[in-house]
Amino acid sequence: MILLRKILLPIVPVYYFVTWLRNRLYDLGIKKSVTYNFPVIAVGNLSVGGTGKSPMVEYLIRLLKDEVVLATLSRGYKRETNGFQLVQTGSTAKQVGDEPLQFKTKFTDITVAVDADRRNGIANLVQLQPKPEVILLDDAYQHRKVKAGFYILLTPYYDLYSDDILLPTGNLREPRSGADRADIIVVTKCPNDLDIKTQKKITKKLKVQPYQTVLFATIDYGNDVIGLSGKLSIDALKKTPFTLVTGIANPKPLVDYYHSLDLNFTHISYPDHHNFTDNELDQLKKYEYVITTEKDYVRLVSGFSKETLWYQPIEMKFIDNQEIFDNHILNYIKMRS
């Protein structure tokens, strides 16, 4: 794969021109974006792969769910259905996608929907009763047919967009100049002890605009893994060998965290959003304890006994200046409402 990416390096300028031109046409108003008279917040990234979009959306849900009538809208990646779908607690990942199902399972009182066409998705959402007062767009940074009122751009500490190049050789979906559309840039998956000096160095490297705010966040791992039979302390896992199963873009932070706890585990890694085959499920069921991510759990849970399968909960946590982020969001909603 690495060799193939290097071979495809001559295509990068072509990809750059196409994506730059598309953005320029939207910036000039030649290609039209739809705007809305109520708060629409988009969460996204410039690169492919895991930047922490789901933990960010969940952070926003926790911040807003008791304040406004809230809805989330996702594409529903790798689902086997088409068009607009409301996610129900009884939905399956094949029907609605794993991340939207994760949101609905955890936050049953909010509206969760999927539609690859964000315009159509929003049009359907505003017909609901009660009508959403705020809509969160998951992974919609490049979906420029819709112009959100507030953009949150994520970039992981270990793979900053400023250090990357465009597809197919690099991981960027669009030129780095696309970061200028963001209101807030959050550097995710940082070390817990990231110092101010390093934060300033990263901020300078990102070449942010005067109107942009840069904040730093880390992953907060829960003290228990969770399954159908309740909770199991991670400390208890120190006495029990287990199998870690991941189907996410970058499992390294979780793997490193478990190694730091001196846990005895074997790691089986699958591609992001992997649809497990019956044969793969049969093999995984042979293990006594399987720990997985929450996103993978919603795709696996129906095939396992309640004593076998558990997931590691995570939350996004700001290293400092959480109140700055919260106030930006709440002030935007107050202004737009």
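Positions are given from 1 along the sequence.
With sequence neighbours excluded, the residues that form a side chain to side chain contact (heavy atoms under 4.5 Å, CB included) with Tyr16 are Trp20, Leu166, Pro175. Considering only residues two or more places apart in sequence or on other chains, Arg79 meets the side chain to side chain contact (heavy atoms under 4.5 Å, CB included) condition with Thr81, Gln85, Val114.
Between the side chain of Glu133 and the backbone N or O of Val69 there is at least one donor-acceptor pair closer than 3.5 Å. In this structure, the side chain of Tyr332 engages the main chain of Val40 through a donor-acceptor pair within 3.5 Å. Lys189 places a side-chain N or O within 3.5 Å of a backbone atom of Gly50 that can act as its donor or acceptor partner. With Ser233 contributing its side chain and Asp235 its backbone, the two residues share a donor-acceptor pair below 3.5 Å. Not a single donor-acceptor pair under 3.5 Å links the side chain of Arg181 to the backbone N or O of Gln142. Tyr15 contributes a side-chain N or O that, together with a main-chain N or O of Arg173, makes up a donor-acceptor pair within less than 3.5 Å. In this structure, the side chain of Asp183 engages the main chain of Tyr151 through a donor-acceptor pair within 3.5 Å. Under the 3.5 Å distance criterion, the side-chain polar atoms of Thr188 are matched with a main-chain donor or acceptor of Thr51. Asn124 contributes a side-chain N or O that, together with a main-chain N or O of Asn120, makes up a donor-acceptor pair within less than 3.5 Å. Counting only distance, with no hydrogens or angles, the side chain of Gln212 and the backbone of Ala182 share a donor-acceptor pair below 3.5 Å.
Across all non-hydrogen atoms, the minimal contact from Leu46 to Leu153 is N-CD1, 3.7 Å. Smallest separation of non-hydrogen atoms from Phe276 and Arg299: CE1-NH1, 3.3 Å.
His328 and Phe150 have tilted rings, their planes meeting at an angle from 30° to 60° on a 0 to 90° scale. In this structure, Tyr36 and Phe38 have tilted ring planes: the angle between them lies in the 30° to 60° band.
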Next item on the list: Just do the ring-ring contact (aromatic ring centres under 6.0 Å, His included) check on Phe242 and Tyr287 with the steps written out, would you?
Entry: CA-CA 8 Å; Phe242 64 91; Tyr287 298 108; over 10 Å; no
Notebook entry, point to check: After noting the C-alpha distance and the side-chain angles of Asp296 and Tyr270, does the key distance pass the side chain to side chain contact (heavy atoms under 4.5 Å, CB included) rule?
Noted result: CA-CA 10 Å; Asp296 295 311; Tyr270 295 94; over 6 Å; no
Next item on the list: Could you check Ser177 against Asp180 for side chain to side chain donor-acceptor pair (under 3.5 Å), going step by step and ending with a plain yes or no?
Entry: CA-CA 6 Å; Ser177 58; Asp180 293 349; 5.8 Å; no
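We find that Lys145 and Asp117 are not joined by a salt bridge, their nearest charged nitrogen and carboxylate oxygen being 4.0 Å or further apart. Look at Arg144 and Asp27 and you find a salt bridge, because one of the NZ, NE, NH1 or NH2 atoms lies within 4.0 Å of a carboxylate O, short of that distance.
Taking the ring centroids of Phe318 and Tyr59, they lie under the 6.0 Å cut-off.
Taking 4.5 Å as the limit, every side-chain heavy atom of Arg75 sits out of range of all side-chain heavy atoms of Asp139. In this structure, the side chains of Leu309 and Tyr297 come closer than 4.5 Å at one or more pairs of heavy atoms.
Taken to the nearest 0.5 Å, the CH2 atom of Trp310 stands 11.5 Å off from the NZ atom of Lys231.
Of the residues listed (Lys106, Lys295, Lys104), the one engaging Glu99 in a salt bridge (Lys or Arg N to Asp or Glu O under 4.0 Å) is Lys295, and it is the only one.
By the 6.0 Å contact criterion, OH on Tyr158 is enclosed, its count of non-hydrogen atoms from other residues, nucleotides or ligands being greater than 12.
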